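Below: the structure, in structure tokens.
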Amino acid sequence: MESRNQTSASEFILLGLSEKPAQETLLFSLFLCMYVVTVVGNLLIIVAISTDPQLHTPMYFFLANLSLVDFCLATDTVPKMLVNIQTRSKSISYPCCLTQMYFFHFFGIMDSVLIAVMAYDRFVAICHPLHYTTIMSPGLCGLLAGGPWVFSCFVSFTHILLMTRLVFCGSNELPHYFCDLTPLFRLSCTDTMVNRVFVLVMAVMVIATPFICILASYARIIVAVMKVPSADGRKKAFSTCSSHLSVVALFYGTTIGVYLCPSSVRTAVKEKASAVMYTAVTPMLNPFIYSLRNRDLKRALRRLVNRKIASSS
């Protein structure tokens, strides 16, 4: 009955990564450069894959989806932080906060699932090369790419519905640079048990499960690579796998730390540092990890750039 007489906050104050003006100037420059690289890198991959018929294969289809999701994930969080630093206005309205939270979780879940799908695609290509085209049929590719969009929409919308039942009657200062679930739970003056249970269950489904599937896929891939007679072939395969696994470790290691570790070992500083990794660093690195070691994609990018230069001259 008490919560019915309480007035929920109409806006929140995003404290950001730092409250020191000198540090904020440095952070603005750093994150602006990172965001520009993220946008240019991911959009180039999307355009190159969509315009080059030679890249119309399952692997590049999933990569184009991942690039789109990475672009959207970074766009949901980084520009707002840059605007807040530039204008010195750190407020965000309650509806805008929920909207940002919805899209953050929507694209974050998509990112997690797509990385696992790409690992499965590589597993089939390396371990079952003769049956690859049969297994990775257009129907299965459509299901593996489209299914996560529907599932992610449902989970994100459920998060928002559960958030609307909470009341925020105390401090409205959010020690983060975007609206996320766990920092908001700490500001709520109503019971958040249902929300926390749902977050835990979904984290197991969309973070822990894909992570385990990725490790299983790469374990099988490594076993298959060990059977390759050529030392150069093994070296090249291990080099590619190690770069992919570094991104996997960065993305899943930080998200597991935020959403699956006990709250007693989490702090606002650790959560912000982890969030930077999976909202800014990973989307920026993915284009380099998945393209610089890929000759077909590099050729497609060169052809794309050459066409643009020729058309403008």
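As the structure is a prediction and not an experimental result, all values here were calculated from the model. Because only heavy atoms are used, hydrogens play no part in the values below, and waters and symmetry mates are left out as well, while side chains stay in.
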Can [Y] be reached from [X] by stepping across I, L, V, M, F, W or Y side chains whose heavy atoms are under 4.5 Å apart?
X      : Y      : result
Ile13  : Leu184 : no
Leu30  : Tyr35  : yes
Val124 : Leu143 : no
Ile160 : Phe168 : yes

Taking atom CZ of Phe185 as the centre, report whether more than 12 heavy atoms of other residues, nucleotides or ligands fall under 6.0 Å from it.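 Result for CZ/Phe185: enclosed.
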
Just wondering, are more than 12 heavy atoms of other shown residues or ligands nearer than 6.0 Å to CZ in Arg220?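 Atom CZ in Arg220 is not packed in, count stays at 12 or less.
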
Is [X] reaching over with its side chain to a backbone N or O of [Y], donor-acceptor style, under 3.5 angstrom?
X      : Y      : answer
Ser91  : Phe12  : no
Ser188 : Leu166 : no
Thr209 : Val204 : yes
Asp180 : Thr182 : no
Asn42  : Asp70  : no

Taking every non-hydrogen atom, the tightest pair across [X] and [Y]:
X      : Y      : answer
Gln100 : Cys179 : OE1-N, 2.9 Å
Ala119 : Ser217 : O-CB, 3.9 Å
Ile109 : Ser156 : CD1-OG, 4.2 Å
Ala208 : Leu260 : CB-CD1, 4.0 Å
Met163 : Leu98  : CB-CD2, 4.0 Å
Ser152 : His105 : OG-O, 3.9 Å

Is any side-chain heavy atom of Phe31 less than 4.5 Å from a side-chain heavy atom of Val276?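 A side-chain contact exists here, since the closest heavy-atom pair is under 4.5 Å.
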
Mind telling me whether Phe106 and Phe103 have parallel, tilted or perpendicular rings, with 30° and 60° as the class edges? perpendicular

For Phe198 and His159, take the angle between the two ring planes, folded into 0 to 90°, and tell me which bin it lands in: parallel under 30, tilted 30 to 60, perpendicular over 60.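 Because their plane-to-plane angle is over 60°, the rings of Phe198 and His159 count as perpendicular.
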
With a 4.0 Å cut-off on N to O distance, would you call Lys90 and Glu173 a salt bridge? no

If you measure only the distance, is there a donor-acceptor pair under 3.5 Å linking the side chains of [X] and [Y]?
X      : Y      : answer
Ser112 : Tyr252 : yes
Asp121 : Tyr132 : yes
Thr279 : Tyr177 : yes
Asn172 : Tyr94  : no

Measuring centre to centre across the rings, with the benzene-like ring taken for any Trp, is Phe71 within less than 6.0 Å of Phe107?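 No, the ring centres sit 6.0 Å or more apart.
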
Spatial distance of atom [atom1] ([X]) from atom [atom2] ([Y]) [nearest 0.5 Å]:
X      : Y      : atom1 : atom2 : result
Leu14  : Ile85  : CG    : CD1   : 11.0 Å
Ile207 : Ile256 : CD1   : CD1   : 7.0 Å
Thr282 : Leu250 : OG1   : CG    : 4.0 Å
Leu27  : Met34  : CG    : CE    : 10.5 Å
Leu68  : Ile45  : CG    : CD1   : 12.0 Å

Begin from the C-alpha positions of Ser137 and Cys141 and carry the test side-chain contact (heavy atoms from CB on, under 4.5 Å) through to its verdict. CA-CA 6 Å; Ser137 63; Cys141 290; over 6 Å; no

Show your reasoning for whether side-chain contact (heavy atoms from CB on, under 4.5 Å) applies to Arg186 and Thr192. CA-CA 9 Å; Arg186 300 190 188 103; Thr192 60; over 6 Å; no

His176: partners by ring pair (Phe, Tyr, Trp, His ring centres under 6.0 Å), with sequence neighbours left out: Phe178

